[in-house]
Amino acid sequence: MRQSSLVVVANRLPIDDSTTPDGACEWRRSPGGLVSALHSPLRQTPATWVGWAGGTGPAPALPDVDGVRMHTVPLTADDLRDHYEGFANATLWPLYHDAVEQPEHHRRWWEAYQRVNQRFAAAAAEVAEPGAVVWVQDYHLQLVPGLLRALRPDLRIGFFLHVAFPPPELFMQLPRRAELLRGMLGADLVGFQRAQAAHNFAQLADRVLGLPATDHRIAVDGRIVRVGSFPVSIDTTEMTALVERPDVADRASRLRRDLGSPEHVILSVDRMDYTKGIEQRLKAYSELIADGHVKVRDTVLVQVAVPSRERVGQYQILRERVEREVGRINGEFGRVGEPAIHYLTQPFDRAELAALYRIADVMAVTPLRDGMNLVAKEYVAARVDDTGALLLSEFAGAAAELPQAYLVNPHDLEGLKQGLLAALRARPEQVRERMQAMRTHLRQHDIHAWARSYLSALDQDSTLLSRLGTT
Ligand code: ADP
Ligand code: G6P
């Protein structure tokens with residue numbers, strides 16, 4: 001087994017086994033922000049990525065992806081049901097997102113979570129060279145830092161949570177709260193998207209485990225664990241280069257024409273997830289049409305909602321409700337050749353997404369709760385001419401960094417409608433000023449700055465950084 005000096009451990013590998021309608025296996029980029037975030041800083045580094053390739057059955061042998069070695073961890077059908085769909089996505093995911101859907105608790109799910117975390121820890125232990133840095137990602141693998149430390153005390157272990165981390169009142173509902181906290185404390189550095197999340201974690205370590213934090217440091221079993229916030233970002237250079245490509249400009253012009261060359265294009269791009277506030281947004285939009293504030297003739301909404309976690313009940317219900325509502329709105333307000341909403345559920349390649357960002361006069365990103373939301377940042381990076389208004393939920397992590405967006409509370413329907421109208425009607429100078437400020441921020445806080453700041457905090461002698469080429 002070849003070993004690496006940097007090992008990333010995430011539930012998902014960057015490529016996913018998506019079976020085509022005719023049954024053929026096809027490898028595609030995996031969905032979601034975690035893969036978008038890690039892809040660029042790891043490119044062409046001597047790293048190994050340990051993760052699941054989608055599907056069940058034996059682990060496929062995968063080729064390197066952009067120079068990064070893939071090490072596949074298999075999941076059985078039971079693991080998929082009880083670990084991924086169960087504990088990760090029907091217990092932790094809803095709980096961490098303000099319990100906007102009811103979290104479920106089943107003892108069998110917890111057993112699967114432990115078993116799968118153990119398997120990931122064993123895989124990481126196998127591929128990490130002596131003294132390596134191992135960077136564990138996200139809520140599926142919170143026990144891995146502790147399990148890995150027991151197997152390989154020589155390693156430097158980091159943990160980063162990509163999603164929101166809840167206040168103590170919510171986290172305390174978890175029957176196995178102490179084990180989850182202990183698992184994370186197996187790391188040398190526990191990172192979150194926001195300072196508030198890091199604070200919640202420190203409070204919980206004290207309340208549940210009696211381990212108080214001093215100056216963002218917690219003493220555990222004779223070691224010091226540091227806790228901090230590291231807001232994740234995007235590859236702004238890559239997005240800028242993409243939108244400036246002539247073929248992307250052509251695609252954008254074609255798209256705008258195909259939409260009937262409207263005066264305003266509003267765009268939303270989400271995974272089909274109840275945290276994203278899709279239903280609330282559709283309701284606000286349909287009321288604006290019904291009230292006569294928005295005319296379907298000159299304004300179109302493009303809603304991209306790529307299906308996600310499709311076997312989890314709450315996601316199935318959401319998709320049915322969204323599709324019913326889109327049908328109702330189009331039936332009521334659309335005309336032949338002029339739907340009120342262009343609804344797309346396909347995954348797009350990066351160039352197609354960039355073309356969509358290019359034509360969006362208003363980008364509506366209104367989650368009920370989101371750890372960060374990279375779509376909002378991608379849109380800002382794509383607006384190379386400083387035009388375009390970003391409508392952004394106060395409950396997305398990105399709002400703390402992009403206060404010049406049109407900020408809204410998505411739970412407040414009237415506020416959401418007013419925010420959308422303000423973004424649609426904003427004067428060009430005002431839009432430009434706001435966009436310039438957001439773009440300046442993002443240029444300085446891109447994904448390379450994120451990886452650099454996390455890894456330099458983790459690996460204090462910084463030998464790793466020079467190898468990564470992120471310095
Ligand atoms: P989450 O991680 O919860 O899905 P983010 O907004 O942080 O939310 O990240 C979503 C990522 O997935 C972004 O990089 C976005 O470009 C990508 N994405 C979303 N929808 C699609 C789609 N239909 N096709 C391809 N990529 C998509
Ligand atoms: C979020 C999570 C990621 C996850 C992604 C897609 O970004 O933080 O860990 O990979 O959603 O979800 P999925 O369930 O398809 O992996």
Side-chain angles (χ1 to χ4, degrees), residues 32-45 66 160 162 191-195 228-246 248-249 252 267 269 350-365 367 370-394 396-407 423 426 428-458 462 465-466 468-471:
L34 181 149
V35 166
S36 293
L38 289 170
H39 182 251
S40 282
L42 289 180
R43 189 179 291 148
Q44 308 307 339
T45 64
D66 288 334
F160 184 77
H162 289 255
F192 297 90
Q193 300 279 20
R194 301 195 57 180
S229 62
F230 303 85
V232 76
S233 194
I234 59 151
D235 191 334
T236 47
T237 315
E238 185 185 68
M239 181 53 81
T240 307
L242 202 54
V243 285
E244 286 181 332
R245 259 170 40 184
V248 172
L267 173 68
V269 177
R350 302 301 291 166
E352 189 76 14
L353 267 183
L356 280 168
Y357 291 143
R358 244 188 107 124
I359 61 160
D361 306 297
V362 173
M363 182 82 208
V365 181
D370 210 327
M372 174 52 64
N373 197 292
L374 294 184
V375 165
K377 291 187 171 182
E378 288 170 357
Y379 175 67
V380 171
R383 305 304 298 186
V384 286
D385 59 358
D386 294 333
T387 61
L390 174 64
L391 182 76
L392 181 61
S393 163
E394 292 167 11
E401 289 178 80
L402 305 174
Q404 301 84 3
Y406 291 83
L407 292 177
E429 321 81 74
Q430 194 192 36
V431 162
R432 178 174 302 276
E433 207 173 288
R434 289 175 180 237
M435 187 52 80
Q436 272 169 349
M438 293 191 285
R439 290 178 56 76
T440 303
H441 173 85
L442 270 196
R443 268 196 297 273
Q444 287 155 3
H445 298 87
D446 71 351
I447 193 62
H448 298 289
W450 172 75
R452 204 158 50 225
S453 87
Y454 185 92
L455 290 174
S456 58
L458 175 61
S462 284
L465 277 182
S466 54
L468 267 181
T470 59
T471 41

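Position 1 is the first residue of the sequence; numbering continues from there.
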With distance as the sole test, does [X] use its side chain to make a donor-acceptor pair with the main-chain N or O of [Y] at under 3.5 Å?
X      : Y      : result
Thr236 : Asp446 : no
Tyr406 : Ala426 : no
Arg358 : Arg383 : no
Ser36  : Gly32  : yes

Closest approach of [X] to [Y] (non-hydrogen atoms, all atoms of both residues):
X      : Y      : answer
Asn373 : Pro367 : ND2-CG, 4.3 Å
Thr240 : Ala381 : OG1-O, 3.9 Å
Met372 : Ala396 : O-CB, 3.7 Å
Ala405 : Leu392 : CB-CB, 3.8 Å
Ala451 : Pro41  : CB-CB, 3.7 Å
Met435 : Thr387 : CE-O, 3.6 Å

Checklist entry - Are Lys377 and Glu401 within salt-bridge range, i.e. N to O under 4.0 Å? => result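 Looking at Glu401 together with Lys377, the answer is yes, because their closest N to O distance falls below 4.0 Å.
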
Does [X] reach the side chain of [Y], with side-chain heavy atoms less than 4.5 Å apart?
X      : Y      : result
Leu38  : Trp450 : yes
Val384 : Arg439 : yes
Met363 : Leu391 : no
Gln193 : Val232 : yes

How many angstroms lie between [atom1] in [X] and [atom2] in [Y], if you round to the nearest 0.5 Å?
X      : Y      : atom1 : atom2 : answer
Ile234 : Met239 : CD1   : CE    : 6.0 Å
Ile447 : Leu374 : CD1   : CG    : 7.0 Å
Asp370 : His162 : CG    : NE2   : 13.0 Å
His39  : Glu238 : NE2   : CD    : 7.5 Å
Leu442 : Tyr379 : CG    : OH    : 13.0 Å
Glu433 : Asp386 : CD    : CG    : 11.0 Å

Item to check | Contacts of type side chain to side chain donor-acceptor pair (under 3.5 Å), residue Arg194, not counting sequence neighbours | outcome: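 Arg194: no side chain to side chain donor-acceptor pair (under 3.5 Å) contacts found.
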
